[in-house]
Structure formats: structure tokens, C-alpha cells
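Just so you know, these numbers come straight off a predicted model, no measurement behind them. When reading the values below, keep in mind they use all heavy atoms of this one structure, side chains included, and skip hydrogens, waters and symmetry mates.
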Amino acid sequence: MTGSNDTRAVKQAVKRQLSFDEIRELVLIPAKRVGVRAIGWSGGEFFTRKDAMDLLRLAGELGYQSKICSNGEVLTREFLQEVKEATRGQLTIAVGLNSIDERNRWSRDAAPDKTLEVLKLCDELGIDRHVIVTISKDNAATFEDTVKYLVERRISYNRSPYVARGSGCDLFRHLAFDREDLEKSFHPALRRHVNGYVSYTPFFLAPELHERVSGGVKNGTVPHNPPIGCWVGTWIALNPEGDVSICPVLLDSLSAGNVRDKPLDRIVSESQVFRNILDRGKLGGKCAKCRYQYTCGGCRAMAYYHTGDYMNEDPTCFFDPVDKRTVCEHEEETSRMFKKYLMVARYVGLYKRPSQ
């Protein structure tokens with residue numbers, strides 16, 4: 001689907017979107033060749049596709065896990081059960097919930113009460129649940145309470161930055177969080193809990209620790225086993241028209257190629273965009289002289305939307321290193337929580353102990 005609110009743009013995008021056969025031949029089968037194990041279905045609203053269930057069945061047949069991001073409007077108990085059967089139980093339902101506070105309960109397209117109802121239904125049906133919290137100045141004051149709510153109910157979550165994409169373009173300068181918001185409101189809450197998937201920046205993990213516990217597993221220079229910090233380099237993003245990018249929130253702005261022109265696995269291996277992003281030694285600004293250059297990487301989306309260069313420093317980062325010998329005051333806490341996180345990562349398949 002398209003991220004546009006313009007009806008004409010949506011209609012034009014629908015005409016160009018990949019067909020079922022193209023998704024099978026140009027995306028899902030080639031993705032197996034580059035080691036993809038899970039498919040995230042998003043939009044727009046994925047379930048507006050008439051072939052949504054067929055695609056989920058195909059993903060299950062090919063051995064993929066399906067992680068579906070939905071506004072929740074159509075997710076009744078009966079429909080969720082049907083989705084679970086179509087995916088052979090290899091399913092995570094992700095919904096947007098940006099604030100649990102009664103005065104500021106804004107979410108994606110659905111009413112917040114519907115979002116909470118979907119989370120409850122998934123729990124009852126034994127479906128993995130995930131929440132995407134889009135962070136901006138609007139929910140800086142309530143973020144701690146939202147995270148507490150999710151942690152108490154053992155719901156995994158990740159932060160997603162508010163960016164100048166789609167309907168967010170006009171208000172980006174007004175709502176985008178800054179380094180002070182990150183340091184005082186968002187980062188302290190993210191540091192304290194292990195079920196946030198550590199998919200946030202800045203991430204102050206001692207590089208020596210990750211090297212030791214991961215067995216040195218990397219994609220280029222991007223740490224794997226488990227992935228941490230900025231997850232760019234650990235996933236492949238595609239829009240419905242077949243354009244490929246390094247991050248879902250960069251799909252409108254940064255294309256590495258189109259699967260109708262070149263196979264997905266060749267785009268990943270040959271595109272200069274992917275070559276750049278898989279070499280964190282090329283990062284600019286203060287990211288280039290940071291001790292956590294490889295275990296954090298800075299948010300590439302924030303670098304792009306604030307500076308126009310996805311390889312530039314992340315200007316929302318509040319850490320100002322003199323050089324790579326500068327140790328952040330939060331490194332010890334980060335390393336301690338990371339060791340706890342390894343148990344969660346191992347359970348969900350993101351971490352495997354290296355052979356002795």
C-alpha cells in the first residue's frame with residue numbers, strides 16, 4: 001500500500017503494485033536466497049489487499065514467519081483465527097499505540113480502544129503481540145507510562161521515529177523529537193527494559209561484549225546474533241510497487257532499485273546503497289569517531305530526515321564523544337541489560353550461542 005493520504009496517489013499506486021505472482025517470484029523466493037526468515041506485512045493497511053490471505057498462506061508454505069502491522073479495524077476474533085491458520089501459527093500481530101494516557105491516546109488509524117481490544121484478543125488466541133510506538137514531542141511525557149503498561153503485560157514493542165513521510169511531512173519540524181527529548185524522556189525508559197527489542201539508538205553497548213557473545217557474526221560490519229542499535233542492515237524494505245530500501249521509513253525517499261528491474265538478491269548484493277549501509281566505517285560526523293560506531297550505528301532515518309544524508313551523524317543523539325576512547329556513562333547499564341536481553345533474543349530466534 002501507499003503511505004499517501006491523497007486519494008489520487010493511492011489509486012495510482014494500487015495500479016502499480018506488485019501482483020501475487022510478482023511477489024512470489026520477485027520477492028519471496030529470492031528473499032530465501034539472502035537468508036530472510038520473517039516477512040513483515042504493512043501498508044497502508046495490508047488487509048485491504050484482496051489476496052492478503054493467499055499471500056500469508058504462501059509465506060507459510062515457504063517457511064516464513066509473518067509479522068503483520070495493522071490498524072486493527074478488521075481484526076475480530078474470527079478473522080484473527082483465520083489469519084493464524086493461514087500462517088500456520090507463525091504469526092505476530094503488530095499494532096500502533098503511541099500513548100496509553102487517557103489525555104493523549106493517539107494511535108494509528110483505529111481508535112485506541114480497538115487497539116487494546118486487538119491486543120487482548122491476540123493474548124486469548126495465543127498469537128504473538130507487538131506494539132509500535134511512534135515517538136515524537138507529542139508523547140514524550142507519557143512514554144514511560146506506555147512502556148510500563150506494555151512491560152507489565154509482557155508485550156514486546158519497539159520505538160519508531162516520527163519522520164517526514166506521507167502525512168507526517170507537514171508537521172515534522174514541529175513534532176520531531178530532538179536530542180533533549182531523547183535524553184530526558186525516551187532513552188531512560190528504553191534502557192530499563194529488555195523487551196523493547198533493543199532496536200533503538202543511541203545504543204551504548206561495549207563492542208567487545210557483542211563480539212564475544214555473538215561469535216563475531218556480522219552482516220558486513222552490522223552486528224548480528226543478535227542485531228542491536230539501528231537495525232538497518234538486518235532487514236530489507238519494499239514498497240508495494242517493488243522499490244527496495246534499507247529501512248521502512250525511508251521507502252519514500254531512498255531506493256536501492258526495483259525488483260521488476262533486477263532480482264531482489266542482486267539488489268541487496270550490488271546496490272551502492274546497501275554496500276554503504278553495511279559498512280559502518282563510512283558513517284560521518286560524530287558517528288565516525290564514536291566508540292559505539294558499530295554496536296549503535298546511529299538512526300539512519302534521523303540522519304536522513306534531518307541532514308539529507310543517510311550516512312551522516314544522527315543529530316538526535318545526545319552523546320558527544322571526543323574520540324573512540326570516550327566511554328558513555330550508560331555503557332555499564334546497557335551491557336548489563338544486554339546480557340538479560342540475550343535470553344529473550346534466544347527465545348525469539350534472534351540469538352544463537354556460538355559454538356565453543
Side-chain angles (χ1 to χ4, degrees), residues 67 69-72 92-108 110-120 122-123 128-163 175-205 226-231 248-249 296 299 301-302 314 316-319 328-345 347-348 350:
K67 301 184 178 183
C69 183
S70 172
N71 64 19
T92 298
I93 293 292
V95 292
L97 184 66
N98 299 326
S99 179
I100 199 64
D101 188 273
E102 291 289 341
R103 298 161 298 172
N104 187 23
R105 294 175 65 193
W106 53 284
S107 66
R108 293 183 71 213
D113 288 338
K114 177 61 179 177
T115 300
L116 298 180
E117 177 188 334
V118 168
L119 292 173
K120 184 174 183 294
C122 287
D123 187 37
D128 285 341
R129 307 174 290 172
H130 188 78
V131 163
I132 300 168
V133 185
T134 301
I135 59 174
S136 73
K137 287 187 176 295
D138 265 1
N139 61 341
T142 62
F143 184 70
E144 176 72 49
D145 290 338
T146 303
V147 168
K148 181 180 178 182
Y149 176 91
L150 298 171
V151 169
E152 288 176 348
R153 288 155 181 80
R154 298 184 177 182
I155 301 173
S156 67
Y157 61 91
N158 72 287
R159 73 92 181 99
S160 180
Y162 184 95
V163 299
L175 291 180
F177 65 87
D178 55 33
R179 56 183 286 161
E180 183 176 355
D181 298 322
L182 191 57
E183 181 177 18
K184 303 299 182 183
S185 299
F186 298 115
H187 206 267
L190 290 166
R191 288 200 312 267
R192 281 195 286 268
H193 304 288
V194 299
N195 64 334
Y197 277 76
V198 291
S199 61
Y200 63 89
T201 60
F203 196 69
F204 303 115
L205 181 67
I228 53 174
C230 181
W231 278 31
V249 298
C296 170
C299 179
M302 289 293 91
D314 176 357
T316 66
C317 176
F318 52 84
F319 182 52
C328 178
E329 62 180 310
H330 302 303
E331 180 179 305
E332 182 179 351
E333 178 189 22
T334 303
S335 297
R336 184 174 64 252
M337 295 301 290
F338 173 73
K339 292 176 182 177
K340 295 182 179 180
Y341 171 71
L342 288 177
M343 293 185 287
V344 177
Y347 174 76
V348 300
L350 292 174

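Here the side chains of Leu119 and Val131 are in contact, with some heavy-atom distance below 4.5 Å. Between Glu144 and Arg192 there is a side-chain heavy-atom pair separated by less than 4.5 Å. Side-chain contact between Lys184 and Phe318: absent, with no pair of heavy atoms (C-beta onward) separated by less than 4.5 Å. For the pair Phe177/Ser185, no side-chain contact is recorded, criterion being any heavy-atom separation below 4.5 Å from C-beta on. Under the 4.5 Å side-chain criterion, counting only non-hydrogen atoms from C-beta, Leu182 is in contact with Pro202. With a 4.5 Å cut-off on side-chain heavy atoms, Glu333 and Arg191 count as touching. Two residues are said to be in side-chain contact when any heavy atoms from C-beta on lie closer than 4.5 Å; Leu150 and Val133 meet this criterion. Ile155 places none of its side-chain heavy atoms less than 4.5 Å from the side chain of Asp123.
Distance alone, capped at 3.5 Å, is enough to place a donor-acceptor pair between the Ser156 side chain and the Arg129 backbone. Judged purely by atom type and a 3.5 angstrom limit, Thr201 has no side-chain atom pairing as donor or acceptor with the backbone of Gly229. No side-chain donor-acceptor contact under 3.5 Å links Asn158 to the backbone of Ser199. Without hydrogens or angle criteria, Asp178 side chain to Asp181 main chain gives a donor-acceptor distance under 3.5 Å.
The cationic atom of Arg159 (NZ for Lys, CZ for Arg) does not lie both less than 6.0 Å from the six-membered ring centre of Tyr157 and within 45° of the ring axis.
The nearest pair of heavy atoms linking Ala140 to Phe186 is CA-CZ, 3.5 Å. When all heavy atoms are compared, the tightest approach of Ser99 to Thr146 is CA-OG1, 3.4 Å. Nearest approach of Ala94 to Ile132, heavy atoms of both residues: CB-CD1, 4.3 Å. Across Asp314 and Cys299, no two heavy atoms sit closer than the pair OD2-N, 3.0 Å. Closest approach of Ser136 to Tyr162, counting heavy atoms only: CB-CB, 3.8 Å.
Partner of His187 under the side-chain contact (heavy atoms from CB on, under 4.5 Å) criterion, out of Phe204, Phe203, Phe319: Phe204 alone.
Once rounded to the nearest 0.5 Å, the distance linking OG1 of Thr134 with CG of Leu175 reads 11.5 Å. Once rounded to the nearest 0.5 Å, the distance linking CD1 of Ile135 with CG of Leu190 reads 6.5 Å. Interatomic distance, CD of Glu331 versus CG of Leu205, reported as 7.5 Å (0.5 Å rounding). With rounding to the nearest 0.5 angstrom, the SG atom of Cys296 is 9.5 Å from the OH atom of Tyr200.
Ion pairing between a basic and an acidic side chain is recognised when a charged N comes within 4.0 Å of a carboxylate O; Glu117 and Lys114 show such pairing.
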